[in-house]
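The figures here come from the full heavy-atom set of this structure, side chains too, leaving out hydrogens, waters and symmetry mates. Ligands are counted one by one from 1 in listed order, and the atoms in each one are counted from 1 as well.
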Amino acid sequence: MPATPLDVENLSAGYGPTRVLENVSFKVPAGARLAILGRNGMGKTTLLATLAGQTRRYGGTIRIGATDVTAMASAARAHTGLGYVPQARCIFPTLTVEENLFVGLKGRPRSALEEAYGMFPRLKERRRNLGGQLSGGEQQMLSTARSILGQPAVLLLDEPLEGLAPVICEELMTAFAELARTGDMTILLVEQRIQSALDFADHVIVLERGRLAFTGAPKTLLEDQDAVERLLGVGGLH
Ligand SMILES: Nc1ncnc2c1ncn2[C@@H]1O[C@H](COP(=O)(O)OP(=O)(O)OP(=O)(O)O)[C@@H](O)[C@H]1O
């Protein structure tokens, strides 16, 4: 599936009666890389979960390419080309690495596994290990690789670097950059490691209490020291 643009208009959403996102609008061009930043609790995870169809939506629309997915359930959105790698690394702990990857093939031939192994050679070395035996970084690789095998047009990554050692973070970011370089996917990245996210992205949005507080290029954000301190916190760049 080729990369497609994502168009979000006036999105409001939350959990049950709790409204978290208010009138969020942004567009991501096909093949672009969007960083979604903001302090803790500002609604970043809620935004990705809403795009994936896993929260309560109060209003607004979500389009993936020409398709309006707003009324679609999660599974139908995935079918339309949305890949979601949630913050909790959802792997099957009692299945092997390879069996976990099978789940992501979605009818593609087994030979496609080599794409995942090419991206994360560590997974190939550990392909007969159980998911539950992997380190945090390896579980993140597995969770990401499984989603990528489905060839999503739009990929949502929620804090993939959380809790990982710097060397593993670098390995993951290199893999994401490589993936982005192909232009085959539109990638949305939520990250607390601000510098890594800004190095990766070509567009950035910042959320503040569920509303869009900044939208623009990473360079423009970095040049606005007041905005960086107010929206991301002093010393946030690491
Ligand atoms: N399942 C839930 N039910 C009710 N409220 C929730 C739920 N999940 C999150 N919230 C609330 O929604 C708000 C936004 O949370 P969210 O996780 O989207 O923020 P975030 O920017 O991703 O934060 P962090 O960077 O800490 O992960 C918070 O006030 C949070 O307490």
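The protein atom (non-hydrogen) at minimum distance from atom 21 (O) of ligand 1 is Lys44 NZ, 2.7 Å. If you check which protein heavy atom lies closest to atom 27 (O) of ligand 1, you get Glu159 OE2, 3.3 Å. The shortest contact between atom 23 (O) of ligand 1 and any protein heavy atom is with Gly41 N, 2.8 Å. Atom 18 (O) of ligand 1 has as its closest protein heavy atom Thr46 OG1, 2.5 Å.
Summarising the contacts of atom 17 (O) of ligand 1 with Leu207, Thr45, Leu21, the nearest heavy atom is found in Thr45. Closest to atom 25 (O) of ligand 1 by heavy atom, among Arg39, Arg19, Gln192, is Gln192.
For Gly38, the heavy-atom gap to ligand 1 stays at 4.0 angstrom or more.
Neither the backbone nor the side chain of Thr18 has any atom closer than 4.0 Å to an atom of ligand 1 (non-hydrogen atoms only).
The protein does not reach atom 30 (C) of ligand 1 closely, with no heavy atom under 4.0 angstrom from it.
With 3.5 Å as the limit, one finds no donor-acceptor pair spanning the side chains of Thr70 and Thr61.
Between the Arg127 side chain and the Lys124 main chain, a donor and an acceptor come within less than 3.5 Å of each other.
Sorted by first and then second residue, the salt bridge (Lys or Arg N to Asp or Glu O under 4.0 Å) pairs involving residues 92-106 (not counting sequence neighbours) are Glu98-Arg110.
Using a 4.0 Å cut-off between charged nitrogen and carboxylate oxygen, Glu191 and Lys44 do not count as a salt-bridge pair. Look at Arg211 and Glu208 and you find no salt bridge, because none of the NZ, NE, NH1 or NH2 atoms lies under 4.0 Å from a carboxylate O.
For Asp202, the side-chain hydrogen bond (donor to acceptor under 3.5 Å, both in side chains) test picks out no residue, with sequence neighbours left out.
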